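Proteins come first, then strands; the chains are lettered A, B, ... in the order of their sequence lines, and each starts at number 1. Quick caveat, the model's predicted, so the values are computed rather than measured.
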Amino acid sequence: MTTLTADLVDYADAVRRYDPVLGIEVHVELGTRTKMFDGAEASFGADPNTQTTPVSLGLPGALPVVNGKAVEYAIRIGLALNCEIAETCRFARKNYFYPDVPKNFQTSQYDEPIAHDGWVDVELEDGTVFRVEIERAHMEEDAGKNTHVGGATGRIHGAEYSLVDYNRAGIPLVEIVTRPIEGAGERAPEVARAYVQTLRDIFRALEVSEARMERGNVRADVNVSLRPSPDAPLGTRTETKNVNSFRSVERAVRYEISRQAAVLDAGAAVVQETRHFHEDTGSTSSGRVKSDAEDYRYFPEPDLVPVAPSREWVEEIRAALPELPAARRRRLQGEWGYADAEMRDVVNAGALDLIEATVAAGASPAAARKWWMGELARHAKQAEISLEEVAITPAQIAQLQSLVDAGRINDKLARQVLEGVLAGEGDPEQVVVARGLEVVSDDGALLAAVDEALAAQPDVVEKVRGGNLGPVGAIIGAVMKATKGQADAKRVRELVLERIQG
Amino acid sequence: MTDVTRLSAAELADALAAGEVSSVEATQAHLDRIAAVDGDVHAFLHVSADDALATARDVDARRAAGEQLHALAGVPVAVKDVVVTKGMPTTAGSKILEGWVPPYDATLVERLRAAGLPILGKTNMDEFAMGSSTEHSAFGNTKNPWDLDRIPGGSGGGSAAAVAAFEAPLAIGTDTGGSIRQPGAVTGTVGVKPTYGGVSRYGLIAMASSLDQAGPVTRTVLDAALLHEVIGGHDPHDSTSIPEPLPALVEAARQGAGQDLSGVRVGVVRELTGEGYQPGVQARFDESLELLRGMGAEIVEVSCPSFEYALAAYYLIMPSEASSNLAKFDGMRFGLRVEPAEGPVTAERVMAATRGAGFGDEVKRRIILGTYALSAGYYDAYYGSAQKVRTLIQRDFAASFAQADVLVSPTAPTTAFRFGEKLDDPLAMYLNDVATIPANLAGVPGISVPNGLSDDKLPVGFQILAPAKADDRLYRVGAALEAALEKQWGGPLLAQAPELG
C-alpha cells in the first residue's frame, strides 16, 4: 500500500547524478455545446445527472454519433501543435469496468489518432526555448464524476457509498501525448510546468476550451523516469495522475526525481505504477501497479464509421487558425519595442493581455508597462492577488495616463488617483474631481505661495542670487508643500527663478 | 367477415381502408387470438393491450376524420423484445433486464408509431439474441406452431411463431447470424434481413454491432416489403445507417408477383447445398429452382470458397463485440442488481454478483469467448484473423454478384428440431446458421421464403441474397417464387399448419 516514507535525495544532488526523462499526457475538455457522441448539453455546473441522454447514460440500445465540432477542435489543436492530421482514423473501445464509465468501455482512439507527429516550442522563464515533441493527439470521451461519501479522505477507501454524476460522461476530450522529453536535466520540473502552461495558452488562443485548471478542464498525467546518464536506456517510469495546477506539475516532477533517486540509490528498482499527487505535502503516493495484466481489450468501435477529414477542410481550418501565443508575443514585443528581459517579465507576470488592452485604449506601451509592472504589481503583491484581479481596468489606466500626459496631474497625484480608483471611487476623471487633485496651473495662486516661501528663506534667496542654483530646491519644496503637491513643479521652478533673478 | 387474423397485412390494410373493419376490431381480434393460443405457443413476453388499443382508436378516429394515413395504419405488429419500447418492458430475454422499462423508443418503434401500427407486445427470444431455438430465453421456450414439441427457431422464435400462429400479421425481428431468416424457415413464415445500415439500429439492444440488423417477419413477401418501407431509411442517430433512400421494395414485390423473371440470373452457391442438408430440404430447394427457371430466370452455379470459414469467423467477431456490448449490464444504473451474499458490498463485487446471477449460460459462454479473443496477445490471431476472413467473404460475394443478380440456398440445413436435441451441443446448434451467417459478415440483404414441407411435414425455407442496397431484388424474386408455389399449393403454406387450441 501507500508508503509515505520521506526517503528523498536532495534535488540538486539527484539531478547531478541522474538524468530525468519526462512524458506528459495532457487532457483538455473541449468547449463544445454538446457532448462527444450525443446531443446532451456539455456545460459546467448543472445539477447532477441532468445533462444526459440514453447515449451518455449508456442505456441499452443507445448508439454514439460523432460531434463534428469536436473533430474540428481536435484538428485545430493538432495543427497548432504542428501535427500531421490523419486522412482517416477510427475510434476504438477501451474496455474496463468502473461505475463512472456508463458503458463499461470508454470510446477513445487507439492506434489511429486524429493527429500525430508534431512539436511545440516551450519558453522557460529565462527565455530559453525548449522543443517538446508530440507523439499524438487523440479524441475521446470523459468519464462521469464519482463522489465518495462517508470516508475521511474523500477517496473511495473507507467511504460508505459513492455517487456518480454522469453530466461529465461523454464530454469531448483531446489527449495530447508527448514523446519522451529528454535533455531537460535539472530544469525538468520547470519544462514540465512550462509545457502544460504553453498548451493551456494555446487551447485558449484556439478557443477550443475555457482551459480552466481549477475546473479540471485541463488535467496532466506526468511520467517521470531516471537513468544514470543521457546515453543510458530509459529507466522505469511512474505516472502521476491528474495533476491539476501548473505549480503542482512542477512539484510532482521534482518530488518524483528526488524519490526515484532515493530508490535507485538504495539499489532497489522503481516500480512501474500510477501515483497520486498530494497538494498539501507536495508529495506523491503509490496508486495501482501497472502491469501487463491490465488489458483494455481495445478493438475498433463498430458503432462508428471512420472519421476522414477532407484535406480541403483541414486546410480551411488551418487558414482560420488564430495567432498563437508565441507568435503573438513576438509581434507585440516588436510593436512595443520592449527589451527581451522586459518582455519576459511582462509575460511571467501575466500582464500581457492587460498591457495589450491598455495600449489599445490609448496608452503608450512604455506607460502601460510602467503602470502594470510597477504600481499595480506592487499593489497585487501586497493584496496577494493576481494582476487580473486588481480592481482597475486597462481603460482606466489609459485614462489615468492621458491625464498625466495632458499635464492635468503629475506623477505623484497620479498615484493618489490610482488609490481612489482602486478604492472604488470611480474613473480617474471622477477621482480627480472628487478629491480635488488637479494640478494648480494658475500662476496667481502659485505666485502667492512662491512669495511666501521666498520671504521665509531669505538666506536661500541670497545664495541663488549669488549664482548658486543648488539650494533652489528648498524653495520649490516649500511651495509644493504649501500647495499640497498639486502644483506643477516645473512651473514652480520657473516662477521661483523669475522672482529671484527677475 | 372472415376471421381478420387470417388476413395478410396487405389484405387487412385494404379492409381497414375500405371501412370493412376498424383497427380496434382488428387489434382486439389479435389480442383475443393471443389470449386463446399463446398459453401454448408462448410467443409473447409482454402483451401491451392498452397501448395497442389506444393506437387503434386513434387511427380509427383519424381515418374517420378523413386524414390521409399510412398504408399500414391500424395493422397491428409485434416487436421482438430486443428492441427498446418507451413505457413497455424490454428484457432481451434476460433476467438481467427483468422489470426494466426503457425511457425511450428505438427509431424503428418511433416509425411504427408514426405510421399508426398498434404494438401488440414484445416477443420471446433467446437471451440477448444468442441462440437458434429460443431455448436460451430466461423466460421459457417458444413453441413451433407446426409442432409444439419443436423449436420455432431463434433467436427470433417469438416473432416468427406469433406470425405463424396468427397472433400478429406483422412482427419485427433482428438478425445477427440468421435470427430472422432461420425462424422464418422453420415456421413457414417470411423473414428479411435488410442490407446492413438499411434499418436503424438505434434502440436495438446490441449483440454484435457490426452484424445486427432489424427486419420484417411476415406471412407474405409483399407484407415484408410494406413493413420494411415503414422501418427502413436513414437515421441520424445511427452512424452506420445508409444515407441513401431505400430502393422501391413494395413495387419490386408487386412486380415479382407477376411471375416473370426473364433476364434475372440466379446463382446457386455451391458451398451452401448438398452435404449436410436434410434430403427434404434439398429436394424442396431443387424444385424451387425449377420454378424460378420456369419463370424465365437463368440458373447459374457460383462458388464462394471462403464461406467454409464463415462460421468460425462469426464465432470470433460476434462474441468479441458482444463481450463489450454486454459490459453495461452491471447492476449500477438499470435492471437487475444483486449484492454479494457475504463480504463487502463494493461496486466491483455487485457487478460480479449481478452478472453471475443475471446472465444465462450461453451469454456467459459468448462473453468469455469474446473476452478471450480480444485479449492482448490473442487479438491478432483471433479477432484480427476473423476480420480478414470477413474481407475474403465480402470478395466472394462481390465475385458471385458479378455472375448473378441474386444468390440462393436453403435457409437452414434442417427443419425444426425437438427441444433439447441440440441444447448440450453448442456446435451443432451453431451449425444451424451456416447458410445465413455469410450475409451478416458481408452486410448484404437476405430473405427466407417458405417453399414447402419436408418429408417430416415441417416447413422449409428458401434463402435469396442480393448485393448491398439492392434489397428490392429479394422482393422481386421472393414474390415470384411465392406466387408460383402458392399456385401449386392452392393457397398459402400456413393453411396446411395444424389448428391450435
Q) Which region of B:Tyr378, side chain (C-beta onward) or backbone (N, CA, C, O), has a non-hydrogen atom less than 4.5 Å from a non-hydrogen atom of chain A, or is it both or neither? A) neither
Q) Is it the side chain or the backbone of B:Leu204 that comes within 4.5 Å of chain A heavy atoms, both, or neither? A) backbone
Q: Would you confirm whether A:Arg297, through its side chain, and B:Thr371, through its main-chain N or O, come within 3.5 Å as a donor-acceptor pair?
A: no
Q) At a heavy-atom separation under 4.5 Å, does B:Thr90 approach chain A through its side chain, its backbone, both, or neither? A) neither
Q. Do you know which of B:Tyr104, B:Trp100, B:Phe329 has the most heavy-atom pairs with chain A at a distance under 4.5 angstrom?
A. B:Tyr104
Q) Out of B:Ser239, B:Ala347, B:Ser320, which one racks up the most heavy-atom pairs below 4.5 Å with chain A? A) B:Ser239
Q.
Which one wins on heavy-atom pair count under 4.5 Å against chain A: B:Gly203, B:Ser200, B:Ser210?
A. B:Gly203
(Q) Please evaluate residues A:Tyr98 and B:Met332 with respect to the criterion side chain to side chain contact (heavy atoms under 4.5 Å, CB included), reporting the C-alpha separation (whole Å), side-chain torsions for both, the decisive distance (0.1 Å), and the verdict. (A) CA-CA 10 Å; A:Tyr98 208 67; B:Met332 292 292 119; over 6 Å; no
**Q.** Top of A:Pro302, A:Ala62, A:Pro60, A:Gly58 for chain B proximity - count of heavy-atom pairs under 4.5 angstrom
**A.** A:Pro60
Q: Assess whether atom NZ of B:Lys388 is packed by more than 12 heavy atoms of other residues, nucleotides or ligands within 6.0 Å.
A: no
**Q.** Option in B:Asn325, B:Thr240, B:Leu97 with maximal non-hydrogen atom pairs under 4.5 Å from chain A
**A.** B:Asn325
Q | Full working for ring pair (Phe, Tyr, Trp, His ring centres under 6.0 Å) between A:Phe299 and B:Tyr383 | A | CA-CA 9 Å; A:Phe299 73 104; B:Tyr383 191 80; 5.7 Å; yes
Q. Which heavy atom of A:Phe105 sits nearest a heavy atom of B:Ser324, and at what distance?
A. CD2-OG, 3.3 Å
(Q) Between B:Asp212 and chain A, with a heavy-atom cut-off of 4.5 Å, which part of the residue counts as in contact: side chain, backbone, both or neither? (A) neither
Q: Select one option (side chain, backbone, both, neither) describing which atoms of A:Asn95 are under 4.5 Å from chain B's heavy atoms.
A: side chain
Q.
Nearest 0.5 angstrom please: B:Glu321 CD to A:Arg93 CZ, how far?
A. 7.0 Å
Q. Side chain, backbone, both or neither: which part of B:Tyr202 has a non-hydrogen atom closer than 4.5 Å to chain A?
A. both
Q) Contact part of B:Pro102 toward chain A, heavy-atom cut-off under 4.5 Å: side chain, backbone, both or neither? A) neither
Q. For A:Tyr298, does the OH atom have more than 12 heavy-atom neighbours from other residues, nucleotides or ligands under 6.0 Å away?
A. yes
Q. Looking only at atom types and distance, does a side-chain atom of A:Asp295 sit under 3.5 Å from a main-chain N or O of B:Ala376, one as donor and one as acceptor?
A. yes
(Q) So B:Arg333 and A:Pro102, do their side chains get closer than 4.5 Å, heavy atoms only? (A) yes
Q: Please name the residue in the list B:Thr107, B:Asp238, B:Asp235 that meets the side-chain contact (heavy atoms from CB on, under 4.5 Å) test with A:Leu63.
A: B:Asp238
Q: Rounded to the nearest 0.5 Å, what's the gap from CD1 on B:Ile205 to CG on A:Leu59? Could you check?
A: 10.0 Å
Q: Taking the side chain as every heavy atom from C-beta outward, state whether A:Pro99 and B:Glu348 have any atom pair closer than 4.5 Å.
A: no
